[in-house]
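What follows is a single structure, written as structure tokens, with notes after it.
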Amino acid sequence: MAEVGEIIEGCRLPVLRRNQDNEDEWPLAEILSVKDISGRKLFYVHYIDFNKRLDEWVTHERLDLKKIQFPKKEAKTPTKNGLPGSRPGSPEREVRKTLDLSLQPASAQASGKTLPIPVQITLRFNLPKEREAIPGGEPDQPLSSSSCLQPNHRSTKRKVEVVSPATPVPSETAPASVFPQPLLFLSSHLQNGSARRAVAAQPGRKRKSNCLGTDEDSQDSSDGIPSAPRMTGSLVSDRSHDDIVTRMKNIECIELGRHRLKPWYFSPYPQELTTLPVLYLCEFCLKYGRSLKCLQRHLTKCDLRHPPGNEIYRKGTISFFEIDGRKNKSYSQNLCLLAKCFLDHKTLYYDTDPFLFYVMTEYDCKGFHIVGYFSKEKESTEDYNVACILTLPPYQRRGYGKLLIEFSYELSKVEGKTGTPEKPLSDLGLLSYRSYWSQTILEILMGLKSESGERPQITINEISEITSIKKEDVISTLQYLNLINYYKGQYILTLSEDIVDGHERAMLKRLLRIDSKCLHFTPKDWSKRGKW
Amino acid sequence: MSKLSFRARALDAAKPLPIYRGKDMPDLNDCVSINRAVPQMPTGMEKEEESEHHLQRAISAQQVFREKKESMVIPVPEAESNVNYYNRLYKGEFKQPKQFIHIQPFNLDNEQPDYDMDSEDETLLNRLNRKMEIKPLQFEIMIDRLEKASSNQLVTLQEAKLLLNEDDYLIKAVYDYWVRKRKNCRGPSLIPQIKQEKRDGSTNNDPYVAFRRRTEKMQTRKNRKNDEASYEKMLKLRREFSRAITILEMIKRREKTKRELLHLTLEVVEKRYHLGDYGGEILNEVKINRSEKELYATPANLHNGNHHKVQECKTKVPSPVSEPEEENDPDGPCAFRRRAGCQYYAPRLDQVNHSFENSELAHLDKLRYRHCLTTLTVPRRCIGFARRRIGRGGRVIMDRISTEYDPVLKQIDPEMLNGFSSSSQTIDYSSNFSRTNASSKHCENRLSLSEILSNIRSCRLQCFQPRLLNVQDSDSEECTSRKPGQTVNNKRVSAASVALLNTSKNGISVTGGITEEQFQTHQQQLVQMQRQQLAQLQQKQQSQHSSQQTHPKAQGSSTSDCMSKTLDSASAHFAASAVVSAPVPSRSESAKEQNTGHNNINGVVQPSGTSKTLYSTNMALSSNPGISAVQLVRTVGHTTTNHLIPALCTSSPPTLPMNSSCLTNAVHLNNVSVVSPVNVHINTRTSAPSPTALKLATVAASMDRVPKVTPSSAISSIARENHEPERLGLNGIAETTVAMEVT
């Protein structure tokens, strides 16, 4: 039994949580942060193997102090540094990660060489040592051609791995404490279930331990120019930069029109606003204000009653507005800030210029109220037709998400392209997309009529063309629905009774549909317009 | 299991898949296991999140029930809805327009203040409203302006007063309130704003910094050629854009002037109306007075930036150190940045205001700031007022100005002016055969023009005089040869003076023509001179006595630069004479014909000064009487092969015949310099010398700063170069200036 005062970041213990069936559960959780409000301690807990959106501040009454696991002593330093790094992980996954580690040196070496020029000189010093350090690790092969021929974009990608975890929170970095004990650090992290961060740390650390003699160099390489994430796309692919700040929700509550929203994730609203109990947003321009009075005043000046873009679709009360992230920056940014509250992987690192925003609204006498939106790169190199997609929580589970998805494919149809959402998908994203794909594909399969007694047949490419769903997504959906079977030397599609029944029932519920006749959209060729 | 031993073919997306339904469905138990042949598609989720409890539960529930059960939904934080004051907050209704909503991008930014008042402000406002009236919007605008004007540092009350167009008391009250509020404010601004990135990269990992600019790295392509080409294109584009800007600015100025004119006209008409000047008598009266005054008020200023440097360089004062703020702020108002470690001179104010004692020469005094009395070494004569500037490639260009005093000045014996020059300072940047003199000494007047001279001196007119080469003076041959030259010159000068006298009256410069005879004499003279020079050089080469040579700097220099110098003087001589007169081509019949009857010729014919047998002549004709600017461009010869010979430009097409197969007998000459007068517009096309010639020229220039003189050992052919005729008449400069390049 531990005292409340002993609980520190990194501790793990069961925390009382009420599930959706109103039952009490005691899932294992990790303490991410501790704060003291007028003598009362509050603990920010992450329920392991639950989504971050359920993380919350709890009082000590909800903690089961009997079963507390303290983090290893060595982990203290990084914890203080704000790097508990506790991405939840099951034991099996940790093992997998440790295996990954053994492969790491090679890539570390490669990455070392491909850093951009400014750091190059340091690397020259480091390289030979690194090579010695790798026992029998292909001494000649990597250095030769790869280093000079690596194109730039690749190097930046690699660089992300190299940056040591000591960087994210600037204030605390203490090179002396981190650098002499890489192994201890690593193991403690593994115990902590934070293997992910340790992996990311490894290359940088490796270099450090190898160049004890050249201390300056090593420092230089770690806290030198921090790398910037890739510039395409809207989602974070590499989470190694996550620090404790972005792991925690920072906005208590948002008021938007008739609704109050509880944010799920961190969003970089101005820091001084994070302490407010409620952040007030203008429902139409999404501008944020600190108080109701501010909002009131704002509304006397803001005459928007719809998203500030061009309406490209209207059927019934549902409308879609297209907003250019370059032309209407303030709205786009405000929209992104709001969306970030509900999208974990969304990145707001770069400006909104290369994106178009499609805002779905529902009209009533007060105006066009935002229901959800998706963003889309003007030019996607990877066939993405959606970057971020979100139905605002008050409208969730009412078919709007599928409507947004349907609309995004409708745009792709007009463009004459197939498309796929940008990865990674969130859990809700995966469910929504799978559901949309399943229904869309089943609709087609069931609509096929046999001609002259022949069994109806269709190719995957045909499905893809009709629906604008990318081929890979078609295949994965067919697999997921278990429709593809191998029979008599060929692949067949089988529609079982319960699949058909289930689909028909689902389609009865799906009342909101996009009517392509109501879409007034001409795609632009962005490549010809200069850069965005 | 034997069934697994065969491999299923890969799934082919282009192959038709037959669809089996319901009863048709074959018994699939046999083939289920083979499904693995189809590679499992990734879900697209992050691995760790994929295994989250709720998702897995939801997925398995879907797979089992084919339908979502309520309990299997992924839970999310609950959000209460129904803000009860919504209707009070969002007042009014919005009617859905029939048409699709289409917004104009420029309507977006309305001029509303970004600052929104809060309840604290409201209290203040209520308090203030007891004394004066202030509306919330007014208050917000004030705060907005204050916020936007101050960055890290708050604006001062003084600045605030400038920013806000309000009552002083109100400003004070709001300002004090704002300062207090700003100090208590947690954020960097009262208008909450997203944190901006910093250029130095210190914010790269700041989670609160968002929407960074995408700075794309310049891609260095393998194809360098392409890069260079595009770089050049960019440069060109830039230049063209800046030209466009200039044009637009000029248009702006013109339009402004037009407007001004209109206003003035209006005013004049009004005034006349009030005076009752219906017949225009008063106007005419006034006009006459004005025009008389204006006659010599027209300043001969050239705004080409190449102002002749006056010699009082010693008094230069270092400019005060610029404010650090100015230096650090890269986005400041001035594009010019001082270089670190570079000492700049302060603007010279003392030159601006000079008083003159002699009212008679008042306007001359004006001129002397830019122009000075100039003499040429060869021919020894005074050419009146000119200013010298360094042109392209270090050429020395004389911009001449015609004044009423030209006729007298022209007759001044340059020797007499020598007296002035003894105490003069040598200007370093100029070529070393020339000198600008500030004359403070008196000298004896040998001419009847002593009065004028003394006047000039009293005005401290600067006299520019090419330095004499001692060598030349010491040479007896030279002396003899100079005599006829001088006589010729004298004649010409008088002729030219008459013409120039006219010029000053009617604004048209007319240069007197000369006869063929004169021209030939001149030619011969030149050739002789050059020979002499060469002889001298040879002498010198033997004796290596270059110490008495002109410039101290040149003392140690090699013989080649001596040559250059001598040649230079020859060229100068030549050029000068060429300018003064419009020579007539000697051997070309057609040219002769063309020339006859042209008295208003400004163009200059340039013979190549090489040998007696000079076959090629060129003629420059200008049919435009307004043109009086003549620029002499020395063409650079090539050492071994060709000479670029004179080019002339005229307003008529350059069709003058030219013999290219001449000058072969001039081989004995080792070094020849060629002077070619060219009538050039401002946008003169560069005469492109051959690369070797250029190199030579630079060598020469580096040795003793004689601009571009190229010795040549053999002359085999003549290269011709035509300059496009360009009309000078358009140019106001041309009316008063005679541009001349001397090498």
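This structure is a prediction, so every number in the text was calculated from the model and none was measured. Chain letters run A, B, ... following the sequence lines, proteins first and then strands; every chain starts at 1.
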Exercise for the section: Test B:V76 against A:R53 for side chain to side chain contact (heavy atoms under 4.5 Å, CB included), laying out the working first. Expected result: CA-CA 7 Å; B:V76 298; A:R53 68 174 75 92; 3.8 Å; yes
Problem - side chain to side chain contact (heavy atoms under 4.5 Å, CB included) evaluation trace for A:L430 with B:I59 - result: CA-CA 10 Å; A:L430 180 72; B:I59 287 173; 4.3 Å; yes
Exercise for the section: Please assess A:K366 against B:Y86 for the test side chain to side chain contact (heavy atoms under 4.5 Å, CB included), listing each intermediate value before the final yes or no. Expected result: CA-CA 10 Å; A:K366 291 285 179 186; B:Y86 178 80; 3.7 Å; yes
Exercise for the section: Report the C-alpha distance between A:K301 and B:D116 in whole Å, list the side-chain angles of each, state the deciding distance to 0.1 Å, and finish with yes or no for salt bridge (Lys or Arg N to Asp or Glu O under 4.0 Å). Expected result: CA-CA 9 Å; A:K301 293 177 276 181; B:D116 298 322; 2.7 Å; yes
Exercise for the section: List the steps, then state whether side chain to side chain contact (heavy atoms under 4.5 Å, CB included) holds for A:D427 with B:H54. Expected result: CA-CA 9 Å; A:D427 47 359; B:H54 289 121; 5.9 Å; no
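Between B:E122 and A:K293 there is a salt bridge, since a side-chain N of the basic residue sits under 4.0 Å from a carboxylate O of the acidic one. Taking a cutoff of 4.0 Å between a charged side-chain nitrogen and a carboxylate oxygen, A:D351 and B:R214 qualify as a salt bridge.
The shortest side-chain heavy-atom distance between A:R305 and B:K95 does not fall under the 4.5 Å cut-off. Between B:K195 and A:P268, the closest side-chain pair of non-hydrogen atoms is not below 4.5 Å. A:R297 places none of its side-chain heavy atoms less than 4.5 Å from the side chain of B:Y115. At least one side-chain heavy atom of A:L292 sits less than 4.5 Å from a side-chain heavy atom of B:Y85. Inter-residue side-chain proximity for B:Y208 and A:P270 is flagged as unmet; no heavy-atom pair is nearer than 4.5 Å. Considering only heavy atoms from C-beta on, B:Q99 stays 4.5 Å or farther from A:E311 through its side chain. Put simply, the side chain of B:L17 reaches to within 4.5 Å of the side chain of A:I460, judged on heavy atoms. Using a 4.5 Å heavy-atom cutoff, the side chains of B:P77 and A:W264 are in contact.
Of the two parts of B:K15, only the backbone, made up of N, CA, C and O, holds a non-hydrogen atom closer than 4.5 Å to a non-hydrogen atom of chain A. A:H298 touches chain B through backbone and side chain together, each having a heavy atom under 4.5 Å away. Contact of A:E497 with chain B is made through the side chain alone, with heavy-atom distances under 4.5 Å. In this structure, the portion of A:D364 lying under 4.5 Å from any heavy atom of chain B is its backbone and not its side chain. Interface residue A:F266: only side-chain heavy atoms are found under 4.5 Å from chain B. Contact annotation for A:V500: only side-chain heavy atoms (C-beta onward) come within less than 4.5 Å of a heavy atom of chain B. Only the side chain of A:T275 comes within contact range of chain B, with at least one heavy atom under 4.5 Å from a heavy atom of that chain. For a residue to count as touching a neighbouring chain, one of its non-hydrogen atoms must lie under 4.5 Å from one of that chain's; by this rule A:T274 touches chain B with the side chain only. If you measure heavy-atom distances from A:I254 to chain B, you find no contacts under 4.5 Å at all. When heavy atoms are compared at a cutoff of 4.5 Å, A:E283 approaches chain B by way of both its backbone and its side chain. Of the atoms belonging to A:F321, it is side-chain heavy atoms, and not backbone ones, that fall under 4.5 Å from chain B. With a 4.5 Å cut-off on non-hydrogen atoms, A:Y363 touches chain B through its side chain but not through its backbone. For a residue to count as touching a neighbouring chain, one of its non-hydrogen atoms must lie under 4.5 Å from one of that chain's; by this rule A:S291 touches chain B with the side chain only. Both the backbone and the side chain of A:I458 come within contact range of chain B, with heavy atoms under 4.5 Å apart. Neither the backbone nor the side chain of A:K340 comes within less than 4.5 Å of any heavy atom of chain B. With a threshold of 4.5 angstrom between heavy atoms, B:F100 approaches chain A through its backbone and through its side chain.
Cation-pi contact between B:R212 and A:Y349: present, with separation from the ring centre below 6.0 Å and deviation from the ring axis of at most 45°. The side-chain tip of A:R455 points at the ring of B:Y20 from less than 6.0 angstrom away and within 45° of straight on.
Checking A:H306 against B:Q96 by side-chain atom types alone, no donor-acceptor pair falls below 3.5 Å. Checked by atom type, the side-chain pair B:D12/A:Y491 shows no donor-acceptor distance below 3.5 Å.
If you tally non-hydrogen atom pairs under 4.5 Å between each of B:N87, B:V209, B:I191, B:N84 and chain A, the highest count goes to B:N87. By number of non-hydrogen pairs under 4.5 angstrom with chain A, the leading residue of B:G44, B:S189, B:A210 is B:G44.
By a heavy-atom distance cut of under 4.5 Å, B:P136, B:L137, B:E140 are the residues of residues 134-141 of chain B near chain A, going up by number.
Remark: of the listed residues A:N19, A:N51, A:L54, A:D21, A:L54 is the sole one forming a side-chain contact (heavy atoms from CB on, under 4.5 Å) with B:P75.
Atoms NZ and CZ, on A:K329 and B:F211 in that order, are 10.5 Å from each other to the nearest 0.5 Å.
For the residue pair A:R314 and B:P97, the shortest heavy atom distance occurs at NH1-O, 2.7 Å. Among all heavy-atom pairs drawn from B:I74 and A:L431, the shortest one is CD1-CD1, 3.5 Å.
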